[in-house]
Every structure is written in structure tokens, then in C-alpha cells.
2 protein chains.
Amino acid sequence: MPKKCNFIEKLREAGLRPTKQRLNMCEVLFNREKTFHFTINDLVKMISEKMNQKISLATVYNTVHAFEKKGYLKEISIDSHKSYFDTNTSVHHHFFDEETNELIDCDENDIDPVNIKKNITGKKINSVEVLIKVASDNQNQK
Amino acid sequence: MPKKCNFIEKLREAGLRPTKQRLNMCEVLFNREKTFHFTINDLVKMISEKMNQKISLATVYNTVHAFEKKGYLKEISIDSHKSYFDTNTSVHHHFFDEETNELIDCDENDIDPVNIKKNITGKKINSVEVLIKVASDNQNQK
DNA sequence: AACTACATTATAATAATTCTAAACTATTGA
DNA sequence: TCAATAGTTTAGAATTATTATAATGTAGTT
């Protein structure tokens, strides 16, 4: 688990000034065992609760976008109304539970690599993302 | 290519009343050789141009959502700011050109089926979608 | 310490989408 | 055929999510 000083480094390396607000956000986002998914709304709540300190909504948007640009966060878009960010920025896929609105990481071992046989001419592939939408299986209860 | 009467049937079968507006939208969306992708904005423009007739924005939203619910359209979400609809509702994947903002169907032969080895317990898979983000390959020019 | 560039903030502005309630229209059945 | 009714369309208001603005504040540099 990284300490505060590591976040200062982390921000500096990305060319971002280590401000109070950014360090608070780093604490909330990265000072934990497991990576997780959140919406901007979730995050604003988490910051004000955990840090017990006010933060401007604009700052949260700015900082999330700065972090995304620097590769500290990844956006996962489900549909036009559901957009999440992921603190796990490695290449991995997702399950999305359409009933609970829960986004769940897909373990690398649970899915075979996606094999693209033919790409578009003159283009390079930047990313390949699989989204598996699931819901409860009620066949048994019927 | 379906004729107007087919659209009346199509709508009725889905439990939607064949109104003038919905038939116009069917013309614009489904009376063509190839399936295509559009945003709500695109569609509003297309209707007013092609049909030479005014349509309320609210109606376009309502109708697109009704069509989506009935399986006539599928939403493809790229990120929180880019949401497309697809008149091709079959299971297929997409390329997204990050430079031109163009969404391109991935031919079935160009990608191997995605093999999910382990699903979440108690859940059934509703859909599996792959999104391949591409950009121009400038390595040669460098 | 003072300067400069960048950040934060509250608020305003914008954009996308949904709601509302009145007017309209397709369907049903007398 | 015509009235009843249930669903639909509409303009505009309301809502929500996000971004812009401009004043104030802060980090890094000299």
C-alpha cells in the first residue's frame, strides 16, 4: 500500500502538482487493497465522507480527467447513462450485472484472449475491451 | 427492402401503434441496403432532411427508446460523451476509430468467437460485446 | 519573499435527456 | 360511423451531467 509520499511522487512523475485535493483523491482511490469501480457521484460522496472535507465538484471532474489522461484511471462506459471509472488500468474485461448495476472485473483466466484476425487497413489497435452483460438466471425457479 | 406496409406490420407486431412519425423513422432507419450507426442528433437531422417534415425531439427520443426496447435498435456506448445506435441488432462487434469518431462493424470472419471460460455463479450471459479502438498507424511516416 | 504558472472554487453556462400537460390520433366496439 | 379510450406527439419546462469562467489561492522557482 503506497503512503502519502508515494502519491506526491506519483503525481509529480505525471507532471501534476501534488495539491491537497489531488492527494486526498489519491488516498481515496489508490490507498486500498483492491482496485475498484466508481462513478463521479460515488467519488464525490466518498471524498467528503472519508476525508471529512469539502471538495468542489469541478475539481473532482478536472482531477479525474487528469488522472485518466495520465493513465491512472480508465473509463468504462456501459450505456449513455452509466459511466464508470476503474482504478485497475491494466488490460482486462468486465462483467456488468444489469440488475444490480454492478461492474465486476473479469479474471484473466476466465476468458480466452480475443483473437482479431483482420484489422482495418492502415490502423493500429489501441485497445480491445469485452463487456459481458449478465443478469440473474431464473430458469430454475420457473 | 421493406415497403411501408411492412413497417406497419413490424410496428404492430411489437405492440407499437403505426403513427406517421414512427413510420417516417422506420423509412429513415430501415429502408436501406445496409445497416448503419447514428446518434440521436444525426437522426433528427436525417428525418427533417429526408422526410422534409418537422418532428419533435422528444418523439425521436421516445421512439428510439421504444425501438431499442423492442429490439429494432441496439445502443453502442463508446464513452460518456459518445453514444450510438445500430440498426444491426445481430450479435456483432465493433471497431471505433478514435480519430474520425467512426463506428465500424466488425465482420464475423475477422474476429474469433469470444470464449468465456467461467461466468459469474447464478448469472446468465445476456450479451458479449467487443469494442476495438483504433487510430491511424503513423509508424511508417515517422 | 516575490513572481509565475498552475489549481481550486463557486457559480454560470451548456448539452443531453426526460418530464409535463395539453392537443392529437389510432383503435375499439357500440 | 362515431364516440370513447388509451396511447402518442408536441413545445417547452425541468432535470441532470458536464464544462467554462473568472476570481482567488497555492506550489514551484528565482
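First the proteins, then the strands, lettered A, B, ... as listed; each starts at 1. Quick caveat: nothing in here was measured; it's all calculated off a predicted structure.
Distance B:Met25 CE to D:dT10 P: 11 Å, rounded to the nearest Å. The CD-P distance, from A:Glu75 to D:dA17, rounds to 14 Å in whole Å. Separating the CD1 atom of B:Ile55 from the C1' atom of D:dT9 is a distance of 9 Å, rounded to the nearest angstrom. With rounding to whole Å, A:Leu11 atom CG is found 15 Å from D:dG28 atom C1'. In this structure, A:Lys20 atom NZ and D:dT26 atom C1' are separated by 10 Å, rounded to whole Å. Computed from coordinates, the B:Asp79 CG to D:dT18 P distance equals 11 Å when rounded to whole Å. Rounded to whole Å, the distance from CG on A:Leu16 to C1' on D:dG28 is 14 Å. Protein atom CD of B:Gln53 is 12 Å distant from nucleotide atom P of D:dT9, rounded to whole Å.
Close to D:dT26, at under 4.0 Å from its OP1 or OP2, lies no side-chain N or O of A:Arg17. Proximity of A:Arg12 to the phosphate of D:dG28: a side-chain N or O atom is located under 4.0 Å from OP1 or OP2. Put simply, B:Lys54 has no side-chain N or O that comes within less than 4.0 Å of OP1 or OP2 on D:dT9.
Under a 3.5 Å cut-off, the side chain of A:Lys70 and the backbone N or O of A:Ala14 do form a donor-acceptor pair. Under the 3.5 Å distance criterion, the side-chain polar atoms of A:Glu75 are matched with a main-chain donor or acceptor of B:Ser80. Proximity of a side-chain donor or acceptor of A:Thr87 to a complementary backbone N or O of A:Phe36 within less than 3.5 Å is detected.
For residues 57-73 of chain B, proximity to DNA chain C is found at B:Leu57, B:Ala58, B:Tyr61, B:His65, defined as any non-hydrogen atom under 4.0 angstrom from a strand atom.
B:Ile76 and A:Ile120 are not part of a single hydrophobic cluster, where members link through side-chain heavy atoms under 4.5 Å apart.
Annotation: the span from A:Ile47 atom CD1 to A:Asp42 atom CG amounts to 10.5 Å, rounded to 0.5 Å.
Cation-pi geometry between A:Lys123 and B:Phe95 is not met: the NZ or CZ atom fails to fall both under 6.0 Å from the ring centre and inside 45° of the normal.
In this structure, the nucleotide among D:dA27, D:dA11, D:dT8 sitting nearest to the side chain of B:Thr19 is D:dT8.
Between B:His94 and B:His37, the ring planes are perpendicular. Angles over 60° get that label, and only those under 30° would be called parallel. Taking the six-membered ring where the residue is Trp, B:Phe85 and B:Phe38 present parallel rings, their angle staying beneath 30° rather than reaching 60°.
Using a 4.5 Å heavy-atom threshold, the side chains of B:Leu131 and A:Leu131 count as separate.
Boundaries of the chain A contact region on DNA chain C are C:dA5 to C:dT18, first to last in 5' to 3' order (nucleotide atom under 4.0 Å from a heavy atom).
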